[in-house]
*Asks:* 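What follows is a structure written as structure tokens; I'll ask about it next.
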Amino acid sequence: MTETPAILVTDLVKDYGDVRAVDGIGFTVAPGEVVGLLGGNGAGKTTTISMLLGLLLPTAGRIEVLGGDMTGGARFAVLPRMNFASPYVNLPYRLTVFQNLKVYGLLYGIKGIDARIRGLARDLDLEPFLKTPARKLSSGQKTRVTLAKALLNEPEVLLLDEPTASLDPDTGDFVRAYLETYARESGCAILLASHNMQEVERLCGRIMIMKRGRIHAEGSPADLARRFGRASLEEIFLDIARAPSEAAS
Ligand code: ATP
């Protein structure tokens with residue numbers, strides 16, 4: 001029997017007025033797979049993730065998450081089984097970290113929410129600032145809280161938009177190690193948009209490189225290295241980014 005993909009995207013298009021942000025992409029992510037989404041500024045990564053969450057409606061194409069159509073009513077059955085983290089999403093700033101996580105936990109209908117928060121606080125080193133209002137957090141602390149929020153409901157699909165963007169090298173490494181273990185132990189499918197090549201090489205079994213709304217290259221880090229005759233993902237990324245658009249694939 002073939003396994004239902006965690007994420008199945010077909011012929012996906014998104015136009016903002018005259019701007020075609022996503023231009024007919026298709027891909028799958030299997031349960032337990034960690035897939036990297038790379039691309040320069042404006043390539044269409046955030047737009048893709050927003051459509052996967054059902055926050056933006058596609059102009060055309062189809063998105064299924066855990067077998068449910070995210071553009072239709074099935075979305076409401078699927079959303080409790082998925083989650084996302086982005087440093088660009090603001091937490092309610094007057095609430096403490098604990099209160100923030102509790103509100104999200106209650107929205108997700110999580111049983112034993114206090115124990116779940118305490119467990120995540122221990123794992124992600126949030127204990128020193130659980131009682132701090134969100135407005136007083138440093139951006140690195142906020143990023144870790146956002147990640148805890150994303151893991152509250154033990155998601156089967158996790159969308160991460162630059163999860164370590166504002167972290168110092170030590171904390172970034174800690175979060176990457178945590179995600180590596182989480183992905184291995186939970187069987188969660190993860191789509192990771194990032195500008196950090198080492199992060200993507202470390203965490204992702206497969207990588208998709210977007211440019212101007214299209215996927216220009218896809219494969220394991222080793223496949224891509226062979227195909228492009230390059231030693232590092234950074235060199236491959238630069239080859240694609242700097243090639244004239246039509247020649248990039
Ligand atoms: P970055 O790495 O800079 O975050 P990205 O790959 O996430 O970039 P998107 O934010 O998805 O890229 O943007 C894709 C394209 O869509 C860009 O040309 C951008 O200017 C445009 N765009 C994004 N959001 C909007 C919007 N709300 N209205 C109009 N155009 C938008």
Side-chain angles (χ1 to χ4, degrees), residues 32-38 45-46 49-50 52-53 55 79-204:
E33 200 181 14
V34 183
V35 176
L37 189 58
L38 292 178
K45 305 177 298 293
T46 301
I49 287 180
S50 301
L52 288 172
L53 282 164
L55 296 174
L79 281 173
R81 299 169 61 196
M82 63 192 293
N83 212 322
F84 78 104
S86 163
Y88 308 110
V89 171
N90 278 322
L91 299 165
Y93 70 95
R94 283 179 206 225
L95 300 184
T96 66
V97 169
F98 186 87
Q99 288 167 335
N100 258 288
L101 293 174
K102 184 134 183 175
V103 167
Y104 283 109
L106 292 172
L107 288 173
Y108 275 102
I110 294 162
K111 299 207 172 67
I113 180 64
D114 287 13
R116 179 80 185 131
I117 293 173
R118 303 238 171 257
L120 283 167
R122 204 170 41 240
D123 289 351
L124 287 166
D125 201 14
L126 311 179
E127 283 165 329
F129 47 90
L130 271 180
K131 291 184 181 159
T132 304
R135 69 171 186 281
K136 292 193 179 167
L137 298 177
S138 74
S139 52
Q141 290 167 338
K142 204 178 100 186
T143 301
R144 276 184 284 154
V145 175
T146 309
L147 191 58
K149 184 231 87 170
L151 297 170
L152 274 173
N153 60 331
E154 298 178 77
E156 293 162 70
V157 172
L158 185 56
L159 307 175
L160 299 173
D161 198 355
E162 301 189 43
T164 60
S166 55
L167 300 181
D168 67 59
D170 183 34
T171 315
D173 185 63
F174 168 85
V175 167
R176 271 170 226 126
Y178 182 82
L179 285 172
E180 210 168 21
T181 310
Y182 181 79
R184 195 175 51 241
E185 291 179 353
S186 69
C188 177
I190 300 180
L191 183 66
L192 167 75
S194 178
H195 289 298
N196 184 319
M197 305 291 150
Q198 283 150 348
E199 170 169 299
V200 169
E201 260 172 333
R202 172 169 171 182
L203 295 175
C204 302

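If you're wondering where the values come from, they're calculated on a predicted model, not measured in any experiment. One-based numbering along the sequence shown.
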*Asks:* Please report the closest heavy-atom contact between A150 and A85, naming both atoms and the distance.
*Replies:* CB-CB, 3.8 Å
*Asks:* State whether F84 and K149 meet the cation-pi test: NZ (Lys) or CZ (Arg) under 6.0 Å from the six-membered ring centroid, and within 45° of the perpendicular axis.
*Replies:* yes
*Asks:* Could you walk me through whether K102 and L95 satisfy the side chain to side chain contact (heavy atoms under 4.5 Å, CB included) test, starting with their C-alpha distance in whole Å, then the side-chain angles of each, then the deciding distance to 0.1 Å, before giving a yes or no?
*Replies:* CA-CA 10 Å; K102 184 134 183 175; L95 300 184; over 6 Å; no
*Asks:* First locate atom CG of N196, then atom CD of E162, and finally report the distance between them rounded to the nearest 0.5 Å.
*Replies:* 9.5 Å
*Asks:* Give the minimum heavy-atom separation between L130 and A121, together with the two atoms involved.
*Replies:* CD1-CB, 3.9 Å
*Asks:* So, using side-chain hydrogen bond (donor to acceptor under 3.5 Å, both in side chains) as the criterion, who are the partners of S194 when residues are at least two apart?
*Replies:* E199
*Asks:* Do Y108 and R116 pass the side chain to side chain contact (heavy atoms under 4.5 Å, CB included) test, and can you show the C-alpha distance, the side-chain angles, and the key distance before you say yes or no?
*Replies:* CA-CA 12 Å; Y108 275 102; R116 179 80 185 131; over 6 Å; no
*Asks:* Main chain of Q141, side chain of S138: is a donor-acceptor contact present, judged purely on distance under 3.5 Å?
*Replies:* yes
*Asks:* Write out all pairs satisfying salt bridge (charged side-chain N to carboxylate O under 4.0 Å, His left out) with one or both partners inside residues 79-96, taking only residues at least two apart or from two chains.
*Replies:* R81-E156
*Asks:* Atom CD1 in I117, atom CG in L126: separation rounded to 0.5 Å?
*Replies:* 10.0 Å
*Asks:* Tell me the closest heavy-atom pair linking G172 and T164, and the distance in Å.
*Replies:* O-CG2, 4.2 Å
*Asks:* Which residues pass the side chain to side chain contact (heavy atoms under 4.5 Å, CB included) test with D123, not counting sequence neighbours?
*Replies:* Y178
*Asks:* Under the side-chain hydrogen bond (donor to acceptor under 3.5 Å, both in side chains) rule, collect the residues that match up with R202, sequence neighbours excluded.
*Replies:* D173, E180
*Asks:* Any side-chain heavy atom of Y104 sitting closer than 4.5 Å to one from L91?
*Replies:* yes
*Asks:* Heavy atoms, side chains only, cut-off 4.5 Å: are L152 and I110 in contact?
*Replies:* yes
*Asks:* Using the side chain to side chain contact (heavy atoms under 4.5 Å, CB included) rule, pick out the option among L53, L52, T46 that qualifies with S50.
*Replies:* T46
*Asks:* If I take atom CZ from residue F174 and atom CG from residue L167, how far apart are they, to the nearest 0.5 angstrom?
*Replies:* 10.5 Å
*Asks:* Please round to the nearest 0.5 Å and tell me the distance separating atom OG1 of T146 and atom CG of L101.
*Replies:* 9.0 Å
*Asks:* Applying side-chain hydrogen bond (donor to acceptor under 3.5 Å, both in side chains), can you list everything that pairs with N153, at least two apart in sequence or on another chain?
*Replies:* N83
*Asks:* For residues C204 and L192, determine if any side-chain heavy atom of one lies less than 4.5 Å from a side-chain heavy atom of the other.
*Replies:* yes
*Asks:* Quick one: CG on L79 to CG on L107, what's the gap to the nearest 0.5 Å?
*Replies:* 12.0 Å
*Asks:* Does any non-hydrogen side-chain atom of T171 lie less than 4.5 Å from one of D125?
*Replies:* no
*Asks:* If you apply the rule side chain to side chain contact (heavy atoms under 4.5 Å, CB included), what do you find for L151 with L158, and how did you get there?
*Replies:* CA-CA 8 Å; L151 297 170; L158 185 56; 3.8 Å; yes
*Asks:* Tell me whether the count of non-hydrogen atoms from other residues, nucleotides or ligands lying under 6.0 Å of CZ in R176 goes above 12.
*Replies:* yes
*Asks:* Taking only residues two or more places apart in sequence, or in another chain, which ones meet K45 in a side-chain hydrogen bond (donor to acceptor under 3.5 Å, both in side chains)?
*Replies:* none
*Asks:* Has K142 got a side-chain atom pairing as donor or acceptor with R135's backbone, closer than 3.5 angstrom?
*Replies:* no
*Asks:* Rounded to the nearest 0.5 Å, how far does CD of E127 lie from CZ of R118?
*Replies:* 8.0 Å
*Asks:* Of the options D161, T143, L160, which is the one that meets S86 in a side chain to side chain contact (heavy atoms under 4.5 Å, CB included)?
*Replies:* D161
*Asks:* Do you know the tightest heavy-atom contact between N100 and P92?
*Replies:* OD1-CD, 2.9 Å
